[in-house]
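None of these values were measured; they are calculated from a predicted model. We name chains A, B, ... by the order of the sequence lines, and we start the count at 1 in each one.
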Amino acid sequence: MYIMSIRVPRGTQDILPGQVEKWQMIEAKAREFCERYQYREVRTPIFEQTDLFLRGVGDTTDIVQKEMYSFEDRGGRSLTLRPEGTAAVVRSYIENKMFGDANQPVKLYYMGPMFRYERPQAGRYRQFVQFGVEAIGSADPAIDAEVISLAMSLYKELGLKQIKLVINSLGDKASRKAHRDALVSHFKPRIGEFCGDCQGRLEKNPMRILDCKVDRNHELMKTAPSIIDYLNDHSSHYYAKVKRYLTDLGIPFEEDPNLVRGLDYYTHTAFEIMSGAEGFGAITTLCGGGRYNGLVEEIGGPEIPGIGFALSLERFVAALEAENVELPVKKGIDCYLVSLGEEAKDHTVSLLHELRSAGYSAERDYLDRKIKAQFKAADRSNAKYVAVLGEDELKANKITLKTMETGDQVEIELDSFLEKFKENYK
RNA sequence: GCGGUUAUGGCGAAGUGGUUAACGCAUCGGAUUGUGGUUCCGACAUACGUGGGUUCGAUUCCCACUAGUCGCCCCA
């Protein structure tokens with residue numbers, strides 16, 4: 001036996017027939033929803049200049065510090081396989097001067113593979129597919145609600161029930177900084193009593209200390225300053241509006257003042273949609289998003305606000321499986337051609353083509369199998385009809401058409417096979 | 001990057017320091033000289049992840065590596 005030693009790269013996977021139909025269903029629905037919500041697709045390159053992510057994602061983030069697939073091309077340029085979609089979409093928005101488009105805000109979506117060099121586990125891959133939307137050019141809280149609604153509706157449309165929306169506000173830049181400073185001075189004097197991870201978080205991302213599982217019972221946790229108390233008037237008013245719109249839309253949500261997103265660019269609204277399905281695994285986040293009012297400027301564009309989300313198709317599929325949602329109906333083929341003998345076999349080549357040209361799905365045997373095995377194959381492929389062409393039929397210039405469900409069979413004229421097939425087809 | 005766990009034919013899955021490594025599924029053939037299911041019979045497959053070590057002898061014991069898987073960090 002041929003021993004193949006080459007496998008898929010670590011953390012990647014083949015999506016095979018039988019499974020791929022679920023993906024196609026999600027993809028089709030996502031596009032359909034984007035049409036309804038009036039988001040238009042943008043396709044950006046799979047790799048970008050490394051600098052884009054350094055600036056766009058933030059050089060203190062894990063993504064940039066340890067997860068990027070970066071390489072130098074032959075011209076000595078540093079390029080990186082995109083670890084997320086927003087930075088690239090914003091780059092394209094600026095580069096193509098979409099801020100000058102007549103239609104504002106600019107509403108875009110993307111779907112495609114992303115790459116992060118991480119240790120694989122349930123729900124985490126090195127190559128994974130994200131579907132995401134970005135609404136750039138509006139600071140209206142109604143569009144925050146629209147973006148969230150789009151994601152929630154999509155999950156519901158495909159049958160997910162055990163999903164939960166969690167939201168928070170990170171406030172504007174000023175609110176964020178005030179809160180951060182308060183956190184640092186709150187924890188700093190006694191940071192030695194916390195775990196090593198938290199000690200690292202103090203400078204890097206002090207909000208993360210708040211949801212540490214190790215130190216959750218430490219007395220300083222209970223008295224820690226909450227972002228909510230540090231939102232200035234504008235920020236808390238904005239947050240209130242978003243919540244009000246969500247309520248108007250009938251979208252239940254949970255507020256979590258400790259919800260922090262891992263990327264540097266978020267301001268105001270931050271949200272996650274999680275699965276609560278049994279046995280889903282440790283990673284429950286299906287979708288993450290938020291507002292990024294400083295990002296366009298950061299990447300070199302005008303001062304323009306934006307909001308978006310990204311969701312993983314891998315986790316989408318996993319959630320559907322965890323909730324036992326059945327998606328695609330396994331469709332059978334219209335006709336399987338069974339033939340006996342050399343001459344009959346030759347005939348099926350053109351008969352098959354006739355059926356297919358007329359729009360039917362049709363198949364025949366290519367392994368020179370016995371009639372019984374051919375019928376088995378027909379049965380396996382869930383054929384509606386089987387057309388049998390043997391020596392007897394050839395002699396009489398007929399072909400036998402069998403309806404598999406009932407077992408009934410009729411003889412029809414070989415010369416007008418397609419026409420007769422159409423007449424019999426129900 | 002850290003930790004747990006696993007690795008036997010196409011798939012699932014037993015098992016042993018020592019001649020031919022069970023079994024089930026699938027596949028193919030036959031019983032049925034041209035008809036799906038069941039049943040019965042038969043056939044088939046260069047199978048012990050890779051590399052070292054211990055041993056007279058390793059698929060089995062030890063180590064490393066690789067990969068899967070699960071978890072930590074973090075995230076979609």
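The shortest distance between side-chain heavy atoms of Cys287(A) and Met152(A) does not fall below 4.5 Å.
Between the side chain of Lys402(A) and the base of G36(B), a donor-acceptor pair under 3.5 Å is found.
Comparing the C1' positions of A76(B) and G36(B) gives a spacing of 45 Å, expressed to the nearest Å.
Nucleotide U38(B) is matched to nothing when pairs are restricted to Watson-Crick or G-U wobble geometry with both distances under 3.5 angstrom. The partner of G1(B) is C72(B), judged by Watson-Crick or G-U wobble contacts that both fall below 3.5 Å. Partner assigned to C11(B) is G24(B), using Watson-Crick or G-U wobble distances below 3.5 angstrom. Both distances falling under 3.5 Å, in either a Watson-Crick or a G-U wobble arrangement, occur for no nucleotide opposite A58(B).
One atom, CD of Glu118(A), and another, C1' of G1(B), lie 11 Å apart when rounded to the nearest Å. Arg7(A) places its CZ atom 10 Å from the P atom of U50(B), with the value rounded to the nearest Å.
Using a 4.0 Å heavy-atom cutoff across all strands shown, Tyr125(A) reaches at least one base atom of the nucleic acid. No engagement by Glu314(A) is indicated, since no non-hydrogen atom pair under 4.0 Å with the nucleic acid exists.
To the nearest 0.5 Å, atom CD of residue Glu272(A) and atom CD1 of residue Ile167(A) are 12.5 Å apart.
The environment of Gln19(A) atom CD is dense: over 12 non-hydrogen atoms of other residues, nucleotides or ligands sit within 6.0 angstrom.
Between G34(B) and Lys372(A), no contact under 4.0 Å exists linking OP1 or OP2 to a side-chain N or O. Under 4.0 angstrom from either OP1 or OP2 of G71(B) there lies at least one side-chain N or O belonging to Gln121(A).
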